[in-house]
Asks: 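Below you'll find the structure I mean.
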Protein chains: 2
Amino acid sequence: MPRVVCPRCEKAETVQKSGIVRKKQRFYCKDCNYHFTIYHESIKSRKKQKPNSGGQTSLLDIAKAVGVSVSTVSRALNNHPDISEKTKVAIKSIAKELAYEPNALAQSLVTRSTHTLGVIIPNLHTTFFATMLSGIQHVSSQAGYRVVICQSDDLHQTEVANVQALMNNMIDGLLFCHSLETSTFDHIKIQLRRGIPIVQFYRVSLEVETPCVFCEDENGAIQVTEHLIEMGCRRIGILLGPPHLMISKKRLEGYYKALNKFKIPLDPKLVANVDFSTKSVHSSVDNWLHLDVPVDAVFSISDKSAVQTIQYLKKLHIKVPDTVCVAGFGNEYTGEIIEPQLTTFDVRTGLIGEKTAKLLLNRIIDQNSTSENVTVKGHLIVRDSSKRVQHL
Amino acid sequence: MPRVVCPRCEKAETVQKSGIVRKKQRFYCKDCNYHFTIYHESIKSRKKQKPNSGGQTSLLDIAKAVGVSVSTVSRALNNHPDISEKTKVAIKSIAKELAYEPNALAQSLVTRSTHTLGVIIPNLHTTFFATMLSGIQHVSSQAGYRVVICQSDDLHQTEVANVQALMNNMIDGLLFCHSLETSTFDHIKIQLRRGIPIVQFYRVSLEVETPCVFCEDENGAIQVTEHLIEMGCRRIGILLGPPHLMISKKRLEGYYKALNKFKIPLDPKLVANVDFSTKSVHSSVDNWLHLDVPVDAVFSISDKSAVQTIQYLKKLHIKVPDTVCVAGFGNEYTGEIIEPQLTTFDVRTGLIGEKTAKLLLNRIIDQNSTSENVTVKGHLIVRDSSKRVQHL
DNA sequence: ATCATTTGCGAAATCGTTTTCGATAGATAC
DNA sequence: GTATCTATCGAAAACGATTTCGCAAATGAT
């Protein structure tokens, strides 16, 4: 055994091995009851090697350069009144010189605010939701907030996983639009109980008690249906989404109200729930066309299915709008492209996103701001797919 | 003056006022040279009020509950081999019981990795870029990375500001697609020098030395042009974006190559740069129609302008494709809706996003992974807007 | 000149983790 | 029965900011 002296009592006789810890031989001095490991110069070098290991300049670097304390630097850069103008300019100039950028992580850790919003949204490859996100992003970034997004792909599983991923203290608030599949909301309720501000938009569930941003579901449906009626239609088929969706329910409600107003009999056979797939749309339209009294109009709750309907009717050589009027809901860009152009209700997706973001930001900034539900006003857009000579 | 006793020497005579600090009267004992402020019970209560002020359970909470140290808890939850199976299960069960979720901020602060990617993208209300983002988001979230986005709105100013906002240690890497306006890239180079992994996609600049993900700009343009030539077109107008854009240059190059291959003379009057606005597209088309030998085809670098072109031609009662063929580039959904349906080159936007994300993630995970440029293969889609009887 | 106040700055705690280095008790080897 | 290992765990230093409390010097008042 090589001669090893105890760093404390300087003796060597009393030193004996004491196991190996992390590949290093340890020793033990019986005399002074002291355990130790032999290091070369590592102890010194380690301290010196990382003045600022990240490469970024920190408050400490500035403090050293200027010759003040870290607290002073922090206050100077935040324009705290306690700091004299002289030191402020000195610190700020050095800060600029060293290209100082505050570490947002550290700031957030102590501030307990990340200036980041989370968005859970069904998808992005669709203009419809992408536009909402666009609105959200604009308002947020203008307020100095980042936006992190998650697509649920209309799958409940993915949605739940996303919520988890977002929620580890990384966001100050959540904007939530649930997937088509989602019908239970425990994953959201948990976060709500944690005290994270949440706002729902477009597709909402009243089961979760948050402020909501709606479009004019019922009123819009009324306007569209009334318009179709005014165009002379009496057998109006309505293409709804899955029945558990609130937007399905409310728009159906509007459809009913309009029919009732004009004393047109309700026919359950004219109400169809689809999953927005081409196949389901086609089969619903087929059914309607083969009724004893076939449809003379189709009102689709989504522009996408409305466009599919027009394309299908054209393929069947059924004239739109002469034989069958078609109207959609949402006002997507494709409605302007299809021929005939699509009559629809502009729900103003971008505005929905903006309003939602504003609502959430208000809640975040003003803790006790009253946050009422918001309904974004839309308007009917009449185009060729429903314009026809009135049968009066 | 009310009688105030020095908390140290218990005397009252020697105490005198010593200024007001933060709204509180301070005192000074001449005898024991001690400054002090009178607090009520605040000192005690403050300590007790925040065992875990955030409301979230922390490692410390678990440590206390189990009766071990914080380090042990951390290691147990990370499955460190040093911890015995017994304590692991104990800790994990308590952790679950207390609904522990690690604070990602604190983790990132010490780990120096946020598991977050930044995206700078021209816009989102367009299917084109939104689909790319969708691809990016999918790949990222599958790899356990969050995505934070910024729209530049094709404004250079906004882009620069966005980069700043993203970069404060909050992201592990950046996916970058520059705005239409951008022609200087200092804001990106700075970040590159800081050592942040960056990948450019779609619109790229070789001035910034990063791996890039391209679509088949040149080859795609060749395919489209050759197709138009094969359809009998000899006067093919090409609608480009701003001239400084690489995609403009490379697609023009492809256009030239195809024309040369078929020995068709190049006419500079047939080359137009537009800003993708309706007005600029219309005026270019107008010019072409009034040439001595007018165009018999329009090849637009973007589907959007191609659709605008078709609509405009239809309005002018010029037959597509009989009089003028139209082809686009990109394959947006609207191309399937317009009548006649649009011939275009599918650049596979979603795949571009995915490939870019994968490239970046590889760089992040494998520090020294070789990162070559990637070109995403696309393919020509021939539709009615260019299908006509060949003039041979 | 004496006392009170204001001004300007520093020390240290804190946020919630990870990680390094140490330490001890029981197991094992000689 | 020692002398060494090994298996487990703890203390404390990071990470980079903010913030509370404290104090000294300059300033003002009497």
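Not measured: the values here are computed from a predicted model. Atom set for the values below is all heavy atoms of this structure, side chains included, hydrogens, waters and symmetry mates excluded.
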Asks: Checking only heavy atoms, does the side chain of Ser71(B) share a donor-acceptor pair with the base of dA11(D) at less than 3.5 Å?
Replies: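 Indeed there is one.
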Asks: Quick one: Met170(A) CE to dT17(C) C1', roughly how many Å, whole number?
Replies: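 Spelled out: CE on Met170(A) to C1' on dT17(C) is 14 Å.
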Asks: Please report, rounded to the nearest Å, how far the C1' atom of dT19(D) is from the CG atom of Asn79(A).
Replies: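 So the CG-C1' distance, Asn79(A) to dT19(D), works out to 17 Å.
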Asks: DNA chain D: Pro81(B) or Ala106(B), which has the more 5' nearest nucleotide?
Replies: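 Here Pro81(B) is the residue nearer the 5' end.
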Asks: When the distance from CD of Gln107(A) to C1' of dT14(C) is rounded to whole Å, what number comes out?
Replies: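 Spelled out: CD on Gln107(A) to C1' on dT14(C) is 15 Å.
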Asks: Please name the residue in the list Glu209(B), Gln191(B), Lys189(B), Arg363(B) that meets the side-chain contact (heavy atoms from CB on, under 4.5 Å) test with Ile198(B).
Replies: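 Single side-chain contact (heavy atoms from CB on, under 4.5 Å) partner of Ile198(B) among Glu209(B), Gln191(B), Lys189(B), Arg363(B): Gln191(B).
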Asks: Atom CG of Asn78(B) and atom C1' of dG16(C): how far apart are they, to the nearest Å?
Replies: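 Rounded to the whole Å, the gap is 13 Å.
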Asks: In this structure, how many angstroms lie between the C1' atom of dA14(D) and the CG atom of Leu105(A), rounded?
Replies: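 Roughly 15 Å, once rounded to whole Å.
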Asks: Round to a whole Å and report the spacing from CG of Asp82(B) to P of dA11(D).
Replies: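 Between P of dA11(D) and CG of Asp82(B): 16 Å.
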Asks: Between Leu77(B) (CG) and dG16(C) (P), how many Å, whole number?
Replies: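 Going from Leu77(B) (CG) to dG16(C) (P), I get 16 Å.
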Asks: Any idea which of dT18(C), dG16(D), dT18(D) is nearest the Arg112(B) side chain?
Replies: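 The answer is dG16(D), which lies nearest to the side chain.
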Asks: With sequence neighbours excluded, tell me which residues meet salt bridge (charged side-chain N to carboxylate O under 4.0 Å, His left out) with Lys88(B).
Replies: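 Not a single residue meets the salt bridge (charged side-chain N to carboxylate O under 4.0 Å, His left out) criterion with Lys88(B).
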Asks: Using heavy atoms and a sub-4.0 Å distance, could you list which residues of residues 83-97 of chain A are near DNA chain C? By number, please.
Replies: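 Close to the strand are Ile83(A), Ser84(A), Thr87(A).
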Asks: So, is Ser58(B) near the phosphate of dG16(C), with a side-chain N or O under 4.0 Å from OP1 or OP2?
Replies: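 No, Ser58(B) has no side-chain N/O under 4.0 Å of OP1/OP2 on dG16(C).
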Asks: Determine, stepwise, if the pair Ser84(B) / Thr87(B) fulfils side chain to side chain donor-acceptor pair (under 3.5 Å).
Replies: CA-CA 6 Å; Ser84(B) 73; Thr87(B) 39; 2.8 Å; yes
Asks: Among dT17(C), dG10(C), dC15(C), which is the nearest nucleotide to the side chain of Ser69(A)?
Replies: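 Nucleotide nearest to Ser69(A)'s side chain: dG10(C).
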Asks: Assess, by modelled atom type and distance only, whether the side chains of Ser74(A) and Ser71(A) contain a donor and an acceptor separated by less than 3.5 Å.
Replies: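 Side chains of Ser74(A) and Ser71(A): no pair found under 3.5 Å.
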Asks: Using a cut-off of less than 4.0 Å, is there contact between a side-chain N or O of Thr72(A) and OP1 or OP2 of dC9(C)?
Replies: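 Thr72(A) to dC9(C) OP1/OP2: no side-chain N or O under 4.0 Å.
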Asks: Any side-chain donor paired with an acceptor under 3.5 Å for Ser113(A) and Thr111(A)?
Replies: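 Short answer, no.
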Asks: Can you tell me how far apart CD1 (Ile94(B)) and OH (Tyr100(B)) are? Round to the nearest 0.5 Å.
Replies: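 Separation between the atoms: 14.5 Å.
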Asks: Looking only at side chains, do His178(B) and Glu159(B) share a donor and an acceptor under 3.5 Å apart?
Replies: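 Absent: no donor and acceptor within the cut-off.
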Asks: Base of dG10(C), side chain of Arg75(A) - is there a donor-acceptor contact under 3.5 Å?
Replies: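 Such a pair is found, so the answer is yes.
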Asks: When the distance from CD1 of Ile62(B) to C1' of dT18(C) is rounded to whole Å, what number comes out?
Replies: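 Rounded to whole Å, this separation is 15 Å.
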